[in-house]
Protein chains: 2
Amino acid sequence: MSELLKNQFKKIIEITDDEYDYILSHFITKKFKKHQFLVQEDQVVVYDYFVLSGCIKSYYTDENDKMHILLFGTQDWWISDYEAYYFKKKARVNIDCLEETEVLCLSLENREKLCKEFHRIEHFFRKKTNRRNVALQNRILTLLSSSAKERYEKFIQDYPSLVQKLPKHILASYLGVTRETLSRLYSTK
Amino acid sequence: MSELLKNQFKKIIEITDDEYDYILSHFITKKFKKHQFLVQEDQVVVYDYFVLSGCIKSYYTDENDKMHILLFGTQDWWISDYEAYYFKKKARVNIDCLEETEVLCLSLENREKLCKEFHRIEHFFRKKTNRRNVALQNRILTLLSSSAKERYEKFIQDYPSLVQKLPKHILASYLGVTRETLSRLYSTK
DNA sequence: TAAATAACTTGATCTATCTCACATTTTATT
DNA sequence: AATAAAATGTGAGATAGATCAAGTTATTTA
């Protein structure tokens with residue numbers, strides 16, 4: 001079945017087909033329709049999600065109902081509210097679908113079980129988390145040091161395929177500008 | 001010797017004194033004076049640093065020579081340019097000392113060796129990185145959704161002891177505002 | 001396929017924050 | 001202790017980006 005996750009493992013660790021089957025048995029598959037929620041604010045976060053297909057967004061809504069996007073999830077990405085997931089808190093963010101989306105769901109208990117049973121799986125997740133770290137750090141750098149226009153152009157470079165499918169006001173909210181400003185950025189070349 | 005690191009391990013994993021001695025033998029100790037560099041832009045990053053005492057900053061310098069602070073390191077914190085460290089690239093940031101600082105240095109080779117030899121150490125680093133991830137995510141959230149004043153007040157709440165020892169223009173650059181603006185934020189209560 | 005809803009654009013105005021300039025205070029250095 | 005070098009404060013003016021408002025174009029949904 002899903003070769004996507006297996007391939008992601010294989011980029012970092014060695015894994016037999018039998019092992020993979022066993023590991024996969026710790027995940028459950030879910031399908032969500034457009035606009036459906038995977039995670040809702042103030043609720044418990046049971047899973048980390050590995051995206052098989054589709055596209056989802058994780059966002060925080062402030063006092064003025066303004067949405068701030070933390071992360072997109074497309075094929076091959078992991079996404080969750082990690083603070084809530086790891087530390088069993090209530091979610092601060094919402095995660096919902098920009099289009100029909102299929103995910104593999106891993107509970108914290110199963111994640112820790114697998115990490116305990118397979119040193120290699122723990123290794124895999126450590127490496128993954130390291131990379132996420134680097135990406136987050138770089139986003140902070142960009143937010144601190146670049147103008148709205150520069151951030152927009154960097155996004156196009158980094159995620160050309162995402163730019164296609166994202167509504168502009170969603171992209172704006174990821175970049176930290178209003179939709180009006182974003183609209184002006186690419187008209188006023 | 002250094003109980004600091006041992007205690008940090010013990011918060012997450014079990015470890016005997018003998019094991020700790022062995023692990024510690026993979027670190028080297030270094031002392032730096034104020035203004036000395038631990039990491040310099042465009043150079044190789046050999047170590048991840050665990051701060052025993054003192055205070056350091058990690059910052060990026062943009063085309064206009066404006067400094068943007070990514071991270072402070074004080075007692076009990078790990079700090080490095082992780083993109084350069086993990087992926088053996090040249091550093092994008094500088095890391096230097098705000099005061100005399102003593103650190104434990106861990107090379108990537110020794111880190112990976114320890115992770116291979118002790119499943120528990122790999123577990124420790126995974127957990128640590130998870131927490132760092134959450135902190136970085138929250139900083140992004142703050143940068144996206146809060147005003148300069150709100151960010152300043154949050155910093156005071158989160159790191160009261162750091163506010164004391166940091167020069168204001170350094171704090172400003174962490175918060176993503178100019179020193180002039182920061183100065184006005186706390187005069188115009 | 002019409003009606004309703006969501007997405008996008010553009011103009012006019014407003015505002016938080018930046019820039020530049022200079023004065024004052026604090027901290028290093030000889 | 002004297003001098004140089006950083007750090008800080010404050011005013012005046014500039015500006016990137018926000019807000020508010022209205023109109024247009026897509027995309028859903030019934």
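Keep in mind the model is a prediction, meaning the values are calculated, not measured. In the text below, chain A, chain B and the rest are named by the order of the sequence lines, each starting its count at 1.
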Checking Phe50(A), Tyr47(A), Tyr49(A) against Trp78(A) for ring pair (Phe, Tyr, Trp, His ring centres under 6.0 Å), the one that qualifies is Phe50(A)
Is the NZ or CZ atom of Lys128(B) positioned over Phe125(B)'s six-membered ring, under 6.0 angstrom from the centre and within 45° of the axis?
no
Ring-face cation of Lys168(A) near Tyr186(A) (centre distance under 6.0 Å, axis angle within 45°)
yes
Let's see if you get this right: which residues in residues 159-175 of chain B place a heavy atom under 4.0 Å from DNA chain C?
none
Per the atom types in the model, does the base of dC8(C) pair as donor or acceptor with the side chain of Glu180(A) at under 3.5 Å?
no
From the list Asp48(A), Leu38(A), Val45(A), side chain to side chain contact (heavy atoms under 4.5 Å, CB included) with Asp81(A) holds only for Val45(A)
When you measure from the side-chain N and O atoms of Ser183(A) to the phosphate of dT9(C), is any distance below 4.0 Å, counting only OP1 and OP2?
yes
Please confirm whether the backbone N or O of Thr61(A) pairs with a side-chain atom of Arg92(A), one donor and one acceptor, at under 3.5 Å?
no
Tell me whether Arg120(A) is salt-bridged to Glu14(A), with the criterion being a basic N under 4.0 Å from an acidic carboxylate O.
no
Spacing between Arg179(A) atom CZ and dT10(C) atom C1', to the nearest angstrom
11 Å
For the pair Glu100(B) and Lys34(B), find out whether any cationic side-chain nitrogen is under 4.0 Å from an anionic carboxylate oxygen.
no
Kindly confirm or rule out a cation-pi arrangement of Arg131(B) over Tyr82(A), judged by NZ or CZ under 6.0 Å from the six-membered ring centre and within 45° of its axis?
no
In whole angstroms, the gap separating C1' of dA7(C) from CG of Leu98(A) amounts to 13 Å
Of His35(B) and Leu182(B), the one whose closest DNA chain C nucleotide lies more 5':
Leu182(B)
What's the CZ-P distance between Arg184(A) and dG11(C), to the nearest Å?
8 Å
Look at Glu180(A) together with Arg184(A) and state whether they make a salt bridge at an N to O cut-off of under 4.0 Å.
no
Between dA16(C) and Ser147(B), is there an OP1 or OP2 to side-chain N/O distance shorter than 4.0 Å?
no
When you list every nucleotide of DNA chain D with an atom under 4.0 Å from a heavy atom of chain B, which one comes first 5' to 3', and which comes last?
dA7(D) to dA12(D)
Quick check on DNA chain D: between Arg151(A) and Lys34(A), whose nearest nucleotide comes earlier from the 5' end?
Arg151(A)
Can you measure His68(B) atom NE2 to dC18(C) atom C1' for me and round it to whole angstrom units?
13 Å
